[in-house]
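Here the structure is a predicted model, which is why all the values come from computation and not from measurement.
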Amino acid sequence: MRRLIVLERMTLDGMFDAASMGQWDFPYHGDERAEVIFQGIQGSDAYLLGRVTYEMLAPHWSALRNNEMGVADKLNSMKKYVVSSSLEKAEWNNTTIIRGDAVEEIGRLKRQEGGDILVHGSAALVQTLLAAGLVDELQLLVHPMVVGGGARLFREAAQVLTLELVESRALPLGVLLLRYQPEKAPQ
């Protein structure tokens, strides 16, 4: 069974809005943080995205041809899945559109043979996956900034989610890596 790993960058107050990354994300870039992201990508053999994140990432990464940042070749060659009911066509190499019941289809992907499935961005999709019990690990790179507005990773949840902390590590510039595994409900 494959694991589904969510790797997100966010502020202390939960903002992960790509439109404001220049303010809260880029100033905290460093070698150790880059290595966490690099290992997340290299350790996965499938990439799962919501439509908005896919439309933001696909034009950039698909245009790269010289293994930029050490991950372009991996991102361009790995199997990608985008969850969308409105996306007409997926131009990025090796991309499949999931149009139906995302929980059912992603559950089926997890039951297949293969390596980890990685999710970046895609807050609505992440919320759905967490609520359905499909997330095996939540990795958060928390940046030491409060921005007060923008898209939040965690919105109001329909249910309480309890997480078990499996790693916490301070990275340079005050960034924290927090790795959590959702606690399974008692059987």
Side-chain angles (χ1 to χ4, degrees), residues 1-10 14-19 21 25 36-37 39-62 71 74-142 150-164 166 178-187:
M1 183 136 159
R2 302 165 87 174
R3 295 182 327 141
L4 194 144
I5 309 296
V6 174
L7 174 57
E8 301 288 5
R9 295 176 279 181
M10 61 191 287
M15 299 301 161
F16 86 126
D17 192 351
M21 287 179 92
D25 182 66
V36 169
I37 297 165
Q39 290 301 324
I41 293 168
Q42 293 297 335
S44 302
D45 73 359
Y47 205 19
L48 177 62
L49 306 160
R51 181 194 52 81
V52 173
T53 303
Y54 174 84
E55 289 179 335
M56 179 183 70
L57 296 179
H60 173 76
W61 288 104
S62 65
V71 295
K74 174 76 174 190
L75 289 173
N76 285 319
S77 65
M78 73 192 311
K79 188 71 176 155
K80 291 168 282 296
Y81 300 91
V82 58
V83 175
S84 176
S85 60
S86 63
L87 190 64
E88 295 292 325
K89 202 160 100 170
E91 301 281 337
W92 197 1
N93 187 44
N94 293 326
T95 299
T96 300
I97 300 172
I98 297 174
R99 296 186 193 282
D101 184 335
V103 169
E104 182 180 315
E105 193 60 37
I106 294 164
R108 188 177 359 264
L109 287 174
K110 283 189 65 175
R111 290 188 296 275
Q112 294 175 354
E113 291 295 316
D116 291 346
I117 302 167
L118 180 65
V119 181
H120 278 149
S122 311
L125 176 59
V126 168
Q127 293 298 312
T128 298
L129 298 172
L130 283 167
L134 292 174
V135 174
D136 295 291
E137 187 166 295
L138 184 61
Q139 299 177 5
L140 304 175
L141 287 164
V142 181
R152 290 186 181 278
L153 178 58
F154 299 108
R155 301 178 189 142
E156 290 184 28
Q159 66 183 36
V160 173
L161 179 66
T162 304
L163 305 168
E164 178 186 350
V166 294
L178 303 173
R179 289 182 44 232
Y180 293 98
Q181 293 176 347
E183 290 186 355
K184 302 297 181 198
Q187 303 286 337

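The two residues L4 and L134 come nearest to each other via the heavy atoms CB-O, 3.4 Å. The shortest heavy-atom contact between D45 and K74 is CA-NZ, 4.5 Å. Here the closest heavy-atom approach between residue L118 and residue S44 is recorded as CB-OG, 3.3 Å. Scanning all heavy atoms of the two residues, the minimum distance from G115 to R2 falls at O-NE, 2.9 Å. Heavy atoms only, all atoms of each residue included: L7 and H120 are closest at O-CD2, 2.8 Å. Across E55 and P59, no two heavy atoms sit closer than the pair O-CD, 3.2 Å.
Taking 4.5 Å as the limit, every side-chain heavy atom of E8 sits out of range of all side-chain heavy atoms of Q139. Residues I106 and I117 fail the side-chain proximity criterion, which asks for heavy atoms closer than 4.5 Å. With a 4.5 Å cut-off on side-chain heavy atoms, F154 and L161 do not count as touching. Contact check for L49 versus L125: no side-chain heavy atoms found under the 4.5 Å cut-off. L130 has its side chain out of reach of V6: every pair of non-hydrogen atoms, C-beta onward, lies at least 4.5 Å apart. Residues K110 and D136 form a side-chain contact, since some pair of their non-hydrogen atoms from C-beta on lies under 4.5 Å apart. N76 is listed as a side-chain neighbour of S62, based on a closest heavy-atom distance under 4.5 Å. Residues L75 and W92 are in side-chain contact: their nearest non-hydrogen atoms beyond the backbone lie under 4.5 Å apart.
Between the side chain of R152 and the backbone N or O of A123 there is no donor-acceptor pair closer than 3.5 Å. No side-chain donor-acceptor contact under 3.5 Å links T95 to the backbone of E91.
The distance from the CZ atom of R179 to the CD1 atom of I5 is 8.0 Å, given to the nearest 0.5 Å. Once rounded to the nearest 0.5 Å, the distance linking CD of E88 with CD1 of I97 reads 8.0 Å. In this structure, OG on S122 lies 10.0 Å from CG on L153, to the nearest 0.5 angstrom. Taken to the nearest 0.5 Å, the CE atom of M56 stands 6.5 Å off from the CE atom of M21. Interatomic distance, E137 CD to L163 CG, rounded to the nearest 0.5 Å: 11.0 Å. Here K79 contributes atom NZ and S77 contributes atom OG; the two are 12.0 Å apart, rounded to the nearest 0.5 Å.
Contacts of F16 classified as ring-ring contact (aromatic ring centres under 6.0 Å, His included), with partners at least two apart in sequence or in another chain: none. Partners of D17 under the side chain to side chain contact (heavy atoms under 4.5 Å, CB included) rule, at least two apart in sequence or in another chain, are A19, S20, A151.
The stretch residues 112-121 participates, sequence neighbours left out, in these salt bridge (Lys or Arg N to Asp or Glu O under 4.0 Å) pairs: R3-D116.
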Task: side chain to side chain contact (heavy atoms under 4.5 Å, CB included) assessment of V83 paired with T128 - done: CA-CA 11 Å; V83 175; T128 298; over 6 Å; no
